[in-house]
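What follows is a single structure, written as structure tokens, with notes after it.
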Amino acid sequence: MKRGVDVISLAVGDPDLPTPQRIVETLCREAHNPVTHRYPSYEGLYEFREAVANWYYRRFGVELDPATEVISLIGSKEGIAHIYLAFVQTGDLSLVPSPGYPVYNIGTLLADGTPYFMPLLKKNAFLPELDAIQNEVLNKARLMFINYPNNPTAAVATLEFFQKAVNLARKHGFILCHDCAYSELTYDGYIAPSILQVEGAKEVAVEFHSLSKTFNMTGWRAGFVVGNADIVRGLSVVKTNIDSGLFQAIQRAGITALNEVKDELIPIKETMERRRNLIVEGLNSIGWKLKKPKATFYLWAPVPKGYKSIDFTARLLDEAGVLVTPGVGFGDEGEGYFRISFTLPENRIEEAVNRIGKLKF
């Protein structure tokens, strides 16, 4: 790669569209209020937790107690990392999807746990084959993470799959964590479910969510975890000793987002859908055979025959100036794939496809 080359980065899942104006206006107003300048509560303002509970009921039909079943997070990534410190001890098994969001594995290792990787394979629609996990492993497991809609594969899951995971957690006594960050980025009429909709989920499960992807607030670092009160309390103990809570002005802006912002999200989803169509149809026109994902702003695509994922993505960068993420970066089972994030304007996506099309594979 020569210095000064115009690199088109389709590697990072960071929306380029602005945060809806009403949310920004709330932040500006509340940042001028001296009350918000003091230390916030560790678990989050009650009004914020109440807004989360109300949003969950409207969106999923799930009832939550704001006092015991909801806490705020400094982005869902923070909570995902900290839940391992709350519950995983030396030698405990943690069931981790592969490919998967790297924090699931790293969080396990930082807590001195042992990751047990659940392969996400195309033949299984990129769902873990729960029936294939041996009872010996399940009995030793302390925690399982699943994530649908999925990063990096963009796969989706049904309530039937969630019910199977919940039943397994109840039977073997492990904590079930669901990363639901992309539930609102869905297309073609698909509506993503919450794991808390299934029977018995609150006995064993918590769900992580974020304002990042739903409201284009990645830099704001605002999220929450909901579900089983004892698990939520355990995570809260770690947070109490490690962080100082979420800036109250951001929480107030989050309340506006959860309570008031809905119509503004329609053009955002429409834009992402157009970009999805553009990248899929563009790659298919030059030799790929891809289906349009129903959710997220990611495309999970196989590398051309004869390539490893790192070799292929390195060639795209060196010869086309297009940066994508090698699948192996998400775990061993990601080998043979690459991930594209369609979070750039359409003209840049078109240019990226044109550059890739000029290469011979």
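This structure is a prediction, so every number in the text was calculated from the model and none was measured.
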Distance-only side-chain donor-acceptor flag, [X] / [Y], under 3.5 Å:
X: E335; Y: S309; answer: yes
X: H209; Y: S183; answer: yes
X: N167; Y: Q163; answer: yes
X: N150; Y: Y182; answer: no
X: T271; Y: R274; answer: yes
X: S72; Y: E43; answer: no
X: E63; Y: Y56; answer: no
X: T36; Y: Q248; answer: no
X: T218; Y: D14; answer: yes
X: T68; Y: D65; answer: yes
X: W220; Y: T19; answer: yes

Straight-line distance of [X] [atom1] to [Y] [atom2], nearest 0.5 Å:
X: L265; Y: L17; atom1: CG; atom2: CG; answer: 11.0 Å
X: Y104; Y: L95; atom1: OH; atom2: CG; answer: 13.5 Å
X: L211; Y: N216; atom1: CG; atom2: CG; answer: 11.0 Å
X: I83; Y: F208; atom1: CD1; atom2: CZ; answer: 4.0 Å
X: M272; Y: K269; atom1: CE; atom2: NZ; answer: 12.0 Å
X: L93; Y: I133; atom1: CG; atom2: CD1; answer: 10.5 Å

For K140 and H172, run side chain to side chain contact (heavy atoms under 4.5 Å, CB included): C-alpha distance rounded to whole Å, both residues' side-chain angles, the deciding distance at 0.1 Å, then the answer. CA-CA 8 Å; K140 292 181 179 179; H172 295 276; over 6 Å; no
Would you please classify the geometry between the F330 ring and the W300 ring as parallel, tilted or perpendicular, with 30° and 60° separating the classes?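 Plane angle over 60°, so perpendicular.
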Mark yes or no for whether [X], through its side chain, and [Y], through its backbone, hold a donor-acceptor pair below 3.5 Å.
X: N33; Y: R29; result: no
X: N151; Y: Y101; result: no
X: H37; Y: A31; result: yes
X: D311; Y: Y307; result: no
X: R170; Y: V204; result: no
X: N147; Y: D179; result: yes
X: N124; Y: F126; result: no
X: D112; Y: Q89; result: no
X: N354; Y: E350; result: yes

Let's go through F174 and R142 carefully: what are the C-alpha distance in whole Å and the side-chain angles of both, what is the deciding distance for side chain to side chain contact (heavy atoms under 4.5 Å, CB included) to 0.1 Å, and is it a yes or a no? CA-CA 5 Å; F174 58 78; R142 182 61 174 138; 5.7 Å; no
What residue among L176, I195, I231 forms side-chain contact (heavy atoms from CB on, under 4.5 Å) with V206?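 Going through the options one by one, the only one that passes is I231.
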Test item: P20 and I23 side chains (from C-beta on) under 4.5 Å apart, heavy atoms: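 In contact.
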Is R339 close enough and on-axis enough to Y298, meaning under 6.0 Å and within 45°, for cation-pi?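 The answer is yes; both the distance and angle limits are met.
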Can you check salt bridge (Lys or Arg N to Asp or Glu O under 4.0 Å) on D318 and R315, steps first, answer last? CA-CA 5 Å; D318 290 339; R315 186 179 175 199; over 6 Å; no
Could you walk me through whether H178 and F145 pass ring-ring contact (aromatic ring centres under 6.0 Å, His included), step by step? CA-CA 6 Å; H178 181 226; F145 244 104; 8.9 Å; no
All N/O donor-acceptor pairs, side-chain side in residues 249-256, below 3.5 Å, sequence neighbours left out:
residue	atom	partner	partner atom	Å
Q251	OE1	L45	N	2.7
Q251	NE2	L246	O	2.7
T256	OG1	T26	OG1	2.9

Steps toward ring-ring contact (aromatic ring centres under 6.0 Å, His included) verdict (F338, F312): CA-CA 8 Å; F338 65 101; F312 174 71; 5.0 Å; yes
Is it true that K164 and D131 make a salt bridge, defined as a side-chain N closer than 4.0 Å to a carboxylate O?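 Yes, K164 and D131 are salt-bridged.
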Carboxylate-amine/guanidinium proximity below 4.0 Å for E281 and K292: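 Salt bridge: yes.
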For the residue pair [X] and [Y], what are the closest heavy atoms and their distance?
X: Y148; Y: P128; result: OH-CD, 3.2 Å
X: R59; Y: A192; result: NH2-O, 2.8 Å
X: S341; Y: G13; result: OG-CA, 3.5 Å
X: F361; Y: I356; result: CE1-O, 4.0 Å
X: L130; Y: M144; result: CD2-CE, 4.0 Å
X: N105; Y: F117; result: OD1-CZ, 3.6 Å

Between E78 and R221, does the salt bridge (Lys or Arg N to Asp or Glu O under 4.0 Å) criterion hold? Intermediate values first, please. CA-CA 9 Å; E78 171 258 303; R221 309 316 305 139; over 6 Å; no
Walk me through whether E184 and T214 qualify under side chain to side chain donor-acceptor pair (under 3.5 Å). CA-CA 6 Å; E184 306 313 294; T214 301; 5.4 Å; no
Decide side chain to side chain contact (heavy atoms under 4.5 Å, CB included) for M118 and V96; before the verdict, give the C-alpha distance in whole Å, the side-chain angles of both, and the deciding distance to 0.1 Å. CA-CA 6 Å; M118 304 182 294; V96 176; 5.9 Å; no
Intermediate values then yes/no, salt bridge (Lys or Arg N to Asp or Glu O under 4.0 Å), D188 and R276: CA-CA 11 Å; D188 304 327; R276 177 203 65 167; 2.8 Å; yes
Report the C-alpha separation of D16 and R348 in whole Å, then their side-chain angles, then the decisive distance to 0.1 Å, and conclude whether the salt bridge (Lys or Arg N to Asp or Glu O under 4.0 Å) test is met. CA-CA 12 Å; D16 61 311; R348 296 295 279 171; over 6 Å; no
Working for side chain to side chain contact (heavy atoms under 4.5 Å, CB included), residues E25 and C28: CA-CA 5 Å; E25 290 171 355; C28 293; 5.7 Å; no
Give a yes or no on this: more than 12 heavy atoms of other residues, nucleotides or ligands lie within 6.0 Å of atom NZ of K294.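 No, because the 6.0 Å sphere around NZ of K294 holds 12 heavy atoms or fewer from other groups.
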State whether the number of non-hydrogen atoms from other residues, nucleotides or ligands found under 6.0 Å of Q21 atom CD is greater than 12.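 Atom CD in Q21 is packed in, count exceeds 12.
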